[in-house]
Amino acid sequence: MSSEHLLASLNPEQQEAVVSTEGPLLILAGAGSGKTRVLVHRLAYLVQEKGVDPASLLAVTFTNKAAGEMRERVERLLGLGHSGLWVSTFHSTCVRILRRDIGALGRDQNFVIYDDSDSLGLIKQVLKRHNLDPKIVEPRRLRWKFDQWKNEGVLPDRAMELSTDLEEERSAELYETYQRMLFEANALDFGDLLLQTVVLFKEHPEVLELYRQRFQFVLVDEYQDTNTVQYQWVKQLVSGHGNLCVVGDPDQSIYAWRGANLRNILDFERDYPDAKVVRLEQNYRSTQPILEGASALVANNIERKSKRLYTEREGGELITLFEANTDREEAQYVVREILTLQREDGRDLSEIAIFYRTNAQSRTFEEELLKYNVPYVIVGGVRFYERAEVKDALAYLRVLINSADEMGLRRIVNNPPRGIGRTTLDRAAEMGREAGGGLLQGLRRFASDGPARSSGKVKAFLELIDGLAREIQDLGPGEAIARVLDASGYLRQLEKDGSPEAEGRIENLRELVSSAEEFKAENIEELMEDSSERSLIELFLDQVALVSDLDQADLGEARVSLMTTHSAKGLEFPWVYLVGLEEGLLPHAASSHDESGIEEERRLCYVGMTRAMEKLTLTCAAERMRFGKRSHSMPSRFLREIPFEYIELKSAPKRRLPRYGDHEGFESRSGGQSRSSSWGKPSAERPKTKRRSDGERQLDTSYSQESSHEGDSGAGTRVRHPVYGLGTVLEVSGDGENRKLKIRFERAGVKKILARYANLERA
DNA sequence: GATCGCAATTTTTTT
DNA sequence: AATTGCGATC
């Protein structure tokens with residue numbers, strides 16, 4: 001494609017952003033201003049017009065999805081295949097660097113990557129070693145603290161210096177132990193990937209120089225979300241040539257809680273004095289009411305570079321605000337709207353998205369969508385690679401490749417049960433420490449010196465591991481997983497179980513094997529080109545550690561998309577429902593303590609609103625279930641900040657008193673649900689309302705004790721659960737509001753359910 | 001050492 | 001409302 005073509009479809013500001021290739025450049029790209037397009041064209045321009053070798057370009061993003069999209073579009077534009085162009089996330093870029101050069105830090109190339117739960121487990125080990133009670137020193141809090149330090153680029157020594165009180169000092173000590181144990185386990189956690197790369201570059205300028213030479217042009221996406229280490233990392237890489245292009249929008253900074261520093265983008269011109277700034281302020285995405293409403297909202301932030309986004313699109317529907325009485329009603333409204341859109345307007349479901357603040361909110365929407373058979377996909381949420389059986393299988397591989405991996409080893413040593421319990425493990429760990437080694441070494445000692453009864457079991461386990469380690473060397477990732485599951489007895493254990501849950505797990509493991517096969521098929525060529533010694537198994541483990549479901553979700557299918565507003569950043573949909581606009585939820589209570597917290601929540605709301613292209617609907621509910629209890633909430637302050645002229649108000653009929661009867665929602669459904677009786681609230685317990693002569697309603701709090709007939713809820717009854725589907729009651733226990741049901745579901749297996757909360761229908 | 005049952009906690013967002 | 005963790009019991 002010629003230069004004219006590369007520039008032809010761009011407006012003057014966009015063109016400037018593309019052709020300003022030398023020196024530092026800040027692109028302030030408002031929502032929907034064609035940012036990705038500009039980046040893609042810029043990369044193509046560098047190669048085609050400036051004759052730059054694709055291999056000397058580095059583009060860094062936050063998500064694999066964004067990276068994948070960018071790479072694909074550039075390669076398509078240039079008609080290139082594998083060109084040596086590096087477009088990847090901060091984390092995977094760092095993994096590639098560390099896999100090659102971490103040896104300079106005296107560490108092993110075969111390190112494992114610990115995810116959040118691995119690192120939480122390790123922190124529990126740290127506490128054990130310090131003889132601290134996890135109830136007093138909370139592991140999660142520590143993890144958060146360590147993470148903050150890592151985001152700030154702070155190592156244990158420095159953390160100690162910075163400590164201002166005793167508690168922080170203690171934490172810094174534990175941080176030190178934690179880092180040492182990570183090292184001993186030959187492991188790096190997420191934060192380490194960045195931090196250790198920065199340390200590597202700092203302590204070994206010759207290594208840094210290598211990468212500086214290679215990457216002549218560096219591009220960073222979503223710069224407003226970078227934290228201090230990422231900032232340092234970028235600075236290290238570009239010092240010298242200074243060819244750094246960063247793109248971002250301060251109004252879309254929503255990761256301060258994870259260490260993102262808004263100052264990185266606000267102070268860019270100070271950090272890179274000869275920086276050029278380009279502003280992209282024309283919005284090509286949203287209709288006027290949506291854009292104006294969102295802009296007016298975010299204008300309430302004090303800490304802000306002012307900006308005026310405009311659109312040439314005129315007209316468009318007003319933003320709808322729906323005020324529901326309950327969360328159930330909120331979900332019903334949205335789902336009915338969706339059904340109408342689909343039936344009457346012929347809209348494709350993939351054009352519709354529902355955004356919420358917390359993952360817990362998805363449940364109600366799922367239930368309603370299921371009831372009406374509306375296909376949907378949850379983006380994010382519980383991830384495939386976080387399921388226990390998947391983690392178990394991967395832990396085997398991890399240990400086989402890196403025998404120091406303590407958390408992996410702890411996970412598999414007695415799984416399936418082999419009679420190696422806590423006592424044995426504690427003793428082995430101690431023996432390992434005495435010998436100056438890790439848990440595995442301890443187990444080896446235990447096998448030879450330990451008490452006869454348990455040492456035999458340990459010995460058998462070690463033989464299994466050693467044998468497998470040899471066997472898998474020549475296997476692909478899929479074959480290796482299959483082999484491990486078979487040889488370890490893991491699969492047999494599940495098969496023997498025979499329960500529907502176990503079958504689900506087996507199914508997930510099959511899926512894991514096939515995704516590993518797929519990985520092999522996709523990457524085998526690249527592996528041939530890649531001179532690194534890493535096997536496909538190792539590359540597969542890296543991939544699963546760094547890839548989230550969000551990256552893999554196929555949004556093209558005809559399904560409604562559900563996700564948190566955080567996950568929605570970077571996406572766009574014609575129809576958007578932004579739900580739960582209530583005080584305490586958006587803005588979230590946990591962020592409402594200071595003004596900067598509120599401002600970030602406001603930006604989050606802004607991000608959600610600006611995803612919408614044609615139609616935006618906001619909803620709130622006066623009452624919702626939280627922690628299994630109903631709680632009341634006020635409409636979000638953000639609703640008042642959107643000018644009324646852009647809003648069309650719709651409200652459910654207001655209630656003067658809480659309606660106890662229909663909070664599960666069946667009675668208020670259209671179409672008559674008389675045959676379904678809700679067990680959620682046995683009728684015996686419902687405070688009754690009775691009509692008084694003056695027409696007012698009054699709560700009658702005297703509960704009558706008519707017991708519900710056993711026939712209704714006894715064992716053998718067929719029921720339908722909104723999520724789990726059809727099932728049969730096996731057992732009933734407890735009374736009144738503590739009534740519990742044990743139900744075997746056809747799809748989901750046996751579950752115990754507290755009747756009060758479950759929306760059960762008789763089937 | 002494993003299994004069962006109860007209690008406590010959770011919910012802010014995630015590379 | 002579900003998961004996790006702990007303690008009691010076998």
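Just so we're on the same page: letters track the sequence lines, and every chain starts at 1.
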If a pair satisfies salt bridge (charged side-chain N to carboxylate O under 4.0 Å, His left out) and one of its residues is in residues 562-571 of chain A, list it, with sequence neighbours excluded.
A:Glu222-A:Lys569, A:Asp225-A:Lys569

Say whether A:Thr358 and A:Gln361, considering side chains only, have a donor N or O and an acceptor N or O under 3.5 Å apart.
yes

In whole angstrom, give me the gap between the C1' atoms of B:dT13 and C:dT4.
22 Å

For A:Asp192 and A:Gln179, test the side chains for any donor-to-acceptor distance below 3.5 angstrom and give the result as yes or no.
yes

Could you tell me if A:Thr226 and A:Asn264 have a donor-acceptor pair between their side chains, going purely by distance under 3.5 Å?
yes

Quick one: is the NZ or CZ of A:Lys235 closer than 6.0 Å to the six-membered ring centre of A:Trp233, and within 45° of its axis?
no

Contact list for DNA chain B against residues 410-429 of chain A - heavy-atom distance below 4.0 Å:
A:Asn414, A:Pro417, A:Gly419, A:Gly421, A:Arg422, A:Thr423, A:Thr424

Quick one, give me the B/S/- string for nucleotides 7-13 of chain B, reading 5' to 3', where B means a protein heavy atom under 4.0 Å from the base and S means that only happens at the primed atoms, P, OP1 or OP2.
---BBBB

Identify each donor-acceptor pair in which a side-chain atom of residues 250-259 of chain A lies under 3.5 Å from a protein atom, sequence neighbours left out, and give them as a table.
| residue | atom | partner | partner atom | Å |
| --- | --- | --- | --- | --- |
| A:Asp251 | OD1 | A:Arg304 | NE | 2.8 |
| A:Asp251 | OD2 | A:Arg304 | NE | 3.2 |
| A:Asp251 | OD2 | A:Arg304 | NH2 | 2.8 |
| A:Asp251 | OD2 | A:Lys307 | NZ | 3.2 |
| A:Gln252 | OE1 | A:Arg611 | NH2 | 3.2 |
| A:Gln252 | NE2 | A:Asp249 | OD2 | 2.9 |
| A:Trp257 | NE1 | A:Ile254 | O | 3.0 |

Can A:Arg96 be said to sit on top of A:Trp86's aromatic six-ring, NZ or CZ under 6.0 Å from centre and within 45° of the ring axis?
yes

A:Arg258 or A:Ser454, whichever maps to the more 5' nucleotide of DNA chain B
A:Ser454

Looking just at side-chain N and O atoms, do A:Thr93 and A:Ser88 make a donor-acceptor pair shorter than 3.5 Å?
yes

Just grab all the ring pair (Phe, Tyr, Trp, His ring centres under 6.0 Å) pairs involving residues 124-146 of chain A, residues at least two apart or on different chains.
A:Phe146-A:Tyr175, A:Phe146-A:Tyr178

Are the charged groups of A:Arg603 and A:Glu600 less than 4.0 angstrom apart, N to O?
yes

How many whole angstroms separate atom CD of A:Gln252 from atom C1' of B:dT14?
17 Å

With 3.5 Å as the limit, what N/O pairs link the protein to nucleotides 4-10 of chain C?
| residue | atom | partner | partner atom | Å |
| --- | --- | --- | --- | --- |
| C:dG5 | OP1 | A:Lys124 | NZ | 3.1 |

